[in-house]
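Working notes, beginning with the structure itself.
Values below: every heavy atom of this structure, side chains too, minus hydrogens, waters and symmetry copies. These figures come from a predicted structure and were not determined experimentally.
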Amino acid sequence: RCSQILASTVLEALDGKDTYNWVNKFDPLNQQATNDWKGVHYYDRSQRHHTAIVTPLNPDRTVNEEQLEKLIEFQLANKVHSILALGGTGEYTALTVAERRRAVDLTVKCVNKRVPVVIGNLETGIGESTAFCQYCQQAGADAVLVMTPYYVHPSQQGLIDFYMAL
């Protein structure tokens, strides 16, 4: 299921390194602490650099593969600890679905497991959001950063239901 990649974080990709501190997580549906993937992971960010990159575009609004690779290599050379592609700075809404998927594929391929890859998901509905999460998982992303639905204004329970459905 897609929910595992949603709930996965950079932590799971770095498991075994002494960078992060695991804690019990709180499951809002069961109102109890849990150690499974449904909870929230907390970690020490003080010594880590997690970069949200822009998505370089060609004049025809397709992803500029050469510039994206240069940007990623620059970030990796400067010792970032993860790459976030298609986040709020990633021109997500300017891209077609095909170009978003291409950006995911290019990013995962370029990073080549050197650091965790997190992909932003700014879809407004559960259907497209789930489909994009599944695509990211299959492409090899380590985590997906899913934006809260903004078109409708769900209740707290509605938000919980949205994320649990992913």
Side-chain angles (χ1 to χ4, degrees), residues 1-28 34-57 63-95 99-124 128-150 159-160 162-164 166:
R1 272 179 50 118
C2 184
S3 52
Q4 186 165 0
I5 194 169
L6 166 70
S8 295
T9 65
V10 172
L11 297 175
E12 292 176 9
L14 294 177
D15 191 23
K17 298 181 181 175
D18 60 7
T19 306
Y20 296 93
N21 301 315
W22 286 95
V23 297
N24 283 339
K25 284 83 63 182
F26 185 76
D27 182 344
T34 177
N35 286 318
D36 68 17
W37 55 264
K38 291 181 182 177
V40 176
H41 303 287
Y42 297 91
Y43 59 98
D44 176 10
R45 297 181 202 171
S46 61
Q47 302 299 315
R48 301 294 166 228
H49 305 284
H50 307 280
T51 303
I53 60 172
V54 298
T55 306
L57 301 178
V63 177
N64 184 318
E65 184 173 346
E66 180 183 342
Q67 291 302 314
L68 179 61
E69 184 175 324
K70 285 181 181 180
L71 177 60
I72 291 169
E73 291 300 335
F74 176 82
Q75 298 299 320
L76 295 173
N78 284 281
K79 310 294 184 206
V80 299
H81 295 94
S82 71
I83 297 286
L84 168 62
L86 298 177
T89 61
E91 291 74 39
Y92 187 94
T93 58
L95 299 175
E99 282 302 303
R100 287 180 200 141
R101 289 180 174 196
R102 186 165 166 259
V104 170
D105 293 338
L106 293 170
T107 301
V108 169
K109 179 182 175 188
C110 183
V111 171
N112 194 25
K113 302 190 183 301
R114 292 178 281 176
V115 297
V117 172
V118 181
I119 303 294
N121 178 343
L122 282 65
E123 296 293 343
T124 58
E128 289 301 318
S129 191
T130 300
F132 191 65
C133 283
Q134 289 170 341
Y135 185 85
C136 293
Q137 182 178 31
Q138 292 165 358
D142 297 287
V144 175
L145 178 66
V146 179
M147 184 179 67
T148 301
Y150 59 87
L159 290 173
I160 291 168
F162 173 81
Y163 285 108
M164 294 306 294
L166 290 175

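Looking at V146 and F132, their side chains never come closer than 4.5 Å, going by heavy atoms from C-beta outward. Contact of the L166 side chain with the V144 side chain is not registered, since no non-hydrogen atoms from C-beta on lie closer than 4.5 Å.
Here Q138 contributes atom CD and C133 contributes atom SG; the two are 11.5 Å apart, rounded to the nearest 0.5 Å. To the nearest 0.5 Å, the span separating CD on Q67 from CZ on F74 amounts to 13.0 Å. Separation of atoms CD1 (I119) and CG (D142) is listed at 9.0 Å; rounding is to 0.5 Å. Here the straight-line distance linking atom CG of D105 with atom SG of C110 works out to 12.5 Å at 0.5 Å rounding.
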| side-chain contact (heavy atoms from CB on, under 4.5 Å) between N64 and L57, intermediate numbers included | CA-CA 5 Å; N64 184 318; L57 301 178; 5.9 Å; no
| Yes or no on side-chain contact (heavy atoms from CB on, under 4.5 Å) for L86 and L95, after CA distance, side-chain angles and deciding distance? | CA-CA 10 Å; L86 298 177; L95 299 175; 3.7 Å; yes
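Between V115 and V111 the shortest heavy-atom distance is O-CG1, 3.2 Å. For the residue pair F162 and M147, the shortest heavy atom distance occurs at CE2-O, 4.0 Å. Annotation for A139 and V104: closest pair CB-CG1, 3.7 Å, computed over non-hydrogen atoms. In plain terms, the two heavy atoms of Q75 and I83 that are nearest each other are CB-CD1, 3.7 Å.
L68 pairs by the side chain to side chain contact (heavy atoms under 4.5 Å, CB included) definition with I53, P56, V63, I72, L106, T107, not counting sequence neighbours. Listed by chain and residue number, R114 satisfy the salt bridge (Lys or Arg N to Asp or Glu O under 4.0 Å) test with E73 (two or more places apart in sequence, or in another chain). When the salt bridge (Lys or Arg N to Asp or Glu O under 4.0 Å) test is applied to K109, no partner is found at least two apart in sequence or on another chain. Qualifying side chain to side chain donor-acceptor pair (under 3.5 Å) partners for E123, counting only residues two or more places apart in sequence or in other chains: Y92, R100. In this structure, N112 has no side chain to side chain donor-acceptor pair (under 3.5 Å) partners at least two apart in sequence or on a different chain. Scored by the side chain to side chain contact (heavy atoms under 4.5 Å, CB included) test, A94 finds E91 as partners (sequence neighbours excluded). For R102, the salt bridge (Lys or Arg N to Asp or Glu O under 4.0 Å) criterion is met by E65, E99, not counting sequence neighbours.
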